[in-house]
Amino acid sequence: NRRSDDYSWSEYHELNDTHRWMQNLVGKYPDVVSVFVAGRSYEGRELLGLRINHNDGRAGKQSIFLEAGMHAREWIGPATATYFANELLSSQQQEIMSLARSYVWYILPHANPDGYVYTHKTNRMWRKTRSPQDKNCVGTDPNRNWGFHWREVGASSDPCSESYAGPKAFSEPEAENLSQFLKSVPEPMFMYLSLHSFSQLLLYPYGHTSALPENHRQLEKIFNVAVGAMKRRYGTRYTGGNVYDAIYPAAGSSMDWAYGVLNVKYSFTYELRPSGYSFWTGFRLPAAQIIPTGQETTDSLVEMIKAAAQIEG
Ligand code: PAY
Ligand code: ZN
């Protein structure tokens with residue numbers, strides 16, 4: 001059993017390590033941190049997240065939800081989510097402290113815990129959930145399973161496909177339970193963020209159509225600021241845009257659902273490091289890059305949220 005103090009960003013962690021780290025944070029910051037459980041996975045694991053809220057008497061705070069680990073093999077996502085949570089809690093930088101206090105934060109590092117455990121124990125390249133499907137195949141792509149233009153495009157009806165949309169929208173408890181939790185968040189949701197890898201892209205809706213969302217000018221403005229900030233520290237180059245054009249048609253993502261159904265006007269997905277095309281190395285970002293990725297992504301998020309807040313006035 002590792003002590004919470006041993007938790008570091010020099011290595012990738014197993015699910016239980018990160019869950020224990022989160023539980024320990026409640027003891028360390030009892031006035032600020034609580035954990036939430038957005039239901040359970042197919043195999044019964046908790047969708048465990050951190051709620052960070054400084055009770056400083058500010059009324060009417062909005063929430064920001066950050067989710068990672070939807071795809072099991074994209075290990076840098078959860079590592080970056082926990083890095084960022086740790087920054088919100090322990091940074092002495094004025095900007096980050098202010099960001100921590102200005103919103104009610106919900107951070108879910110592992111939106112697909114069964115898949116993540118499977119990548120540690122059995123198959124490092126697993127992407128989907130772990131529910132049994134037809135044709136003796138296993139798993140649904142949880143980022144094709146959300147009930148907004150479900151399976152219209154860029155999503156498979158073949159249970160053996162890596163982008164299998166599932167037998168119906170929200171067939172997966174991971175997506176269904178998270179969507180119910182999102183609906184139950186009491187504070188108005190200002191921003192929805194999803195961390196994936198790889199390709200170094202910043203994406204906004206939609207995935208089901210090339211038609212741009214109604215506030216695309218604002219999203220583009222925020223995009224430019226966020227990509228500029230990503231580059232500041234280490235020169236890391238991001239491109240991107242709307243999912244459909246910037247990467248490929250893909251209906252049924254959590255981001256599109258948050259935008260289209262929950263009406264969260266600032267919804268973004270980061271495809272984190274590395275860039276490049278190698279499928280084999282793309283998901284195996286060396287652990288030595290967790291901290292640099294965490295730092296530059298924090299830089300980007302800080303500027304992104306400031307830019308969005310400025311637009312809101
Ligand atoms: O909305 O994030 C989105 C859709 C795009 C991602 C997806 O397919 O869900 C992009 C891929 C991902 O992160 O899963 C990109 C990676 C490299 C992949 O596996 O194709
Ligand atoms: Zn992904």
Side-chain angles (χ1 to χ4, degrees), residues 65-81 108-116 118-119 123-129 139-156 158 161-166 169 172 174-175 178-179 191-213 219 223 226 238-262 264 266-285 293 297:
F65 199 99
L66 186 150
E67 145 250 289
M70 180 87 72
H71 290 138
R73 63 193 173 195
E74 299 168 11
W75 285 11
I76 189 60
T80 302
L108 175 66
H110 288 291
N112 175 9
D114 299 350
Y116 190 71
Y118 196 73
T119 62
N123 178 0
R124 175 65 184 81
M125 292 300 275
W126 193 257
R127 167 178 166 97
K128 301 191 284 181
T129 60
T140 290
D141 184 341
N143 215 31
R144 300 291 184 282
N145 193 236
W146 292 63
F148 180 70
H149 296 272
W150 177 75
R151 218 179 65 181
E152 281 180 15
V153 64
S156 178
D158 176 357
S161 163
E162 288 283 58
S163 58
Y164 179 46
E172 302 310 285
E174 293 82 358
L178 179 52
S179 76
M191 190 173 275
Y192 189 85
L193 298 162
S194 180
L195 301 184
H196 286 251
S197 72
F198 62 99
S199 297
Q200 294 178 196
L201 298 167
L202 179 55
L203 304 168
Y204 49 82
Y206 296 107
H208 71 282
T209 174
S210 62
L212 295 173
L219 294 172
F223 168 94
Y238 270 59
T239 58
N242 58 314
V243 170
Y244 192 99
D245 293 315
I247 179 161
Y248 41 58
S253 72
S254 57
M255 170 179 75
D256 276 3
W257 183 88
Y259 183 90
V261 176
L262 263 196
V264 183
Y266 303 110
S267 294
F268 292 93
T269 295
Y270 283 89
E271 297 288 339
L272 299 169
R273 290 194 196 190
S275 65
Y277 304 96
S278 167
F279 196 70
W280 186 249
T281 57
F283 302 109
R284 301 166 192 270
L285 187 71
T293 302
T297 307

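Numbering starts at 1 and runs along the sequence shown. As the structure is a prediction and not an experimental result, all values here were calculated from the model. Atoms within each ligand, like the ligands themselves, are counted from 1 in listed order.
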**Q** Tell me, which protein residue and heavy-atom name are nearest atom 11 (C) of ligand 1, and how many Å apart are they?
**A** Tyr248 OH, 3.2 Å
**Q** Would you kindly specify which portion of Phe198 sits under 4.0 Å from ligand 1, judged on non-hydrogen atoms: side chain, backbone, both or neither?
**A** both
**Q** For a side chain to side chain contact (heavy atoms under 4.5 Å, CB included) with Ser194, tell me which candidate from Leu66, Thr269, Asp256, Leu203 qualifies.
**A** Thr269
**Q** Backbone, side chain, both or neither: what part of Trp146 comes under 4.0 angstrom of ligand 1, heavy atoms only?
**A** neither
**Q** For ligand 1, indicate whether the residue Asp141 contacts it via side chain, backbone, both or neither (heavy-atom separation under 4.0 Å).
**A** neither
**Q** At a non-hydrogen distance cut-off of under 4.0 Å, which region of Ser197 contacts ligand 1 (side chain, backbone, both, or neither)?
**A** backbone
**Q** What are the two closest non-hydrogen atoms of Ala155 and Ala251, and how far apart are they?
**A** CB-O, 4.2 Å
**Q** What is the ring orientation for Phe268 with Tyr204, classed by angle as parallel under 30°, tilted 30 to 60°, or perpendicular over 60°?
**A** perpendicular
**Q** Of Met125, Met70, His196, Arg144, which has the heavy atom at the shortest distance from atom 9 (O) of ligand 1?
**A** Arg144
**Q** What is the number of protein N, O or S atoms that sit under 2.8 Å away from the Zn ion (ligand 2)?
**A** 4
**Q** Check ligand 1 against Thr269 and write out every atom of the ligand that is under 4.0 Å from a heavy-atom position of the residue.
**A** 2 (O)
**Q** Would you tell me which option among Asn143, Leu195, Asn242 has the nearest heavy-atom contact to atom 4 (C) of ligand 1?
**A** Asn143
**Q** Distance check, rounded to the nearest 0.5 Å: Arg124 atom CZ versus Phe283 atom CZ?
**A** 9.0 Å
**Q** Side chains of Trp257 and Ser179 only: does a donor on one sit below 3.5 Å from an acceptor on the other?
**A** no
**Q** In terms of atom number and element, which parts of ligand 1 are under 4.0 angstrom from non-hydrogen atoms of Arg127?
**A** 7 (C), 8 (O), 9 (O), 12 (C), 14 (O), 18 (C), 19 (O)
**Q** Can you tell me how far the CG atom of Leu285 sits from the CH2 atom of Trp75, to the nearest 0.5 Å?
**A** 12.0 Å
**Q** Heavy-atom distance to atom 12 (C) of ligand 1: which of Glu162, His208, Arg73, Glu74 wins?
**A** Glu74
**Q** Is it the case that the side chains of Glu67 and Tyr192 hold a donor-acceptor pair, with the cut-off being a distance below 3.5 Å and no angle test?
**A** yes
**Q** Which pair of non-hydrogen atoms, one from Asn112 and one from Arg127, has the smallest distance, and what is that distance?
**A** ND2-O, 3.6 Å
**Q** For Ser253, counting its heavy atoms only, list the atoms of ligand 1 lying under 4.0 Å from any of them.
**A** 1 (O)
**Q** For the residue pair Ala211 and Tyr206, what are the closest heavy atoms and their distance?
**A** O-CD1, 3.5 Å
**Q** To the closest 0.5 Å, what do you measure between CZ (Phe198) and CD (Glu271)?
**A** 9.0 Å
**Q** Under 3.5 Å between some N or O of ligand 1 and some N or O of His71?
**A** yes
**Q** For atom 5 (C) of ligand 1, what's the nearest protein heavy-atom neighbour? Residue, atom name and distance, please.
**A** Glu271 OE2, 3.9 Å
**Q** Regarding Glu174 and Thr129, do their side chains bring together a donor and an acceptor under 3.5 Å, going by distance alone?
**A** no
**Q** Tell me the closest heavy-atom pair linking Glu162 and Met125, and the distance in Å.
**A** OE2-O, 4.3 Å
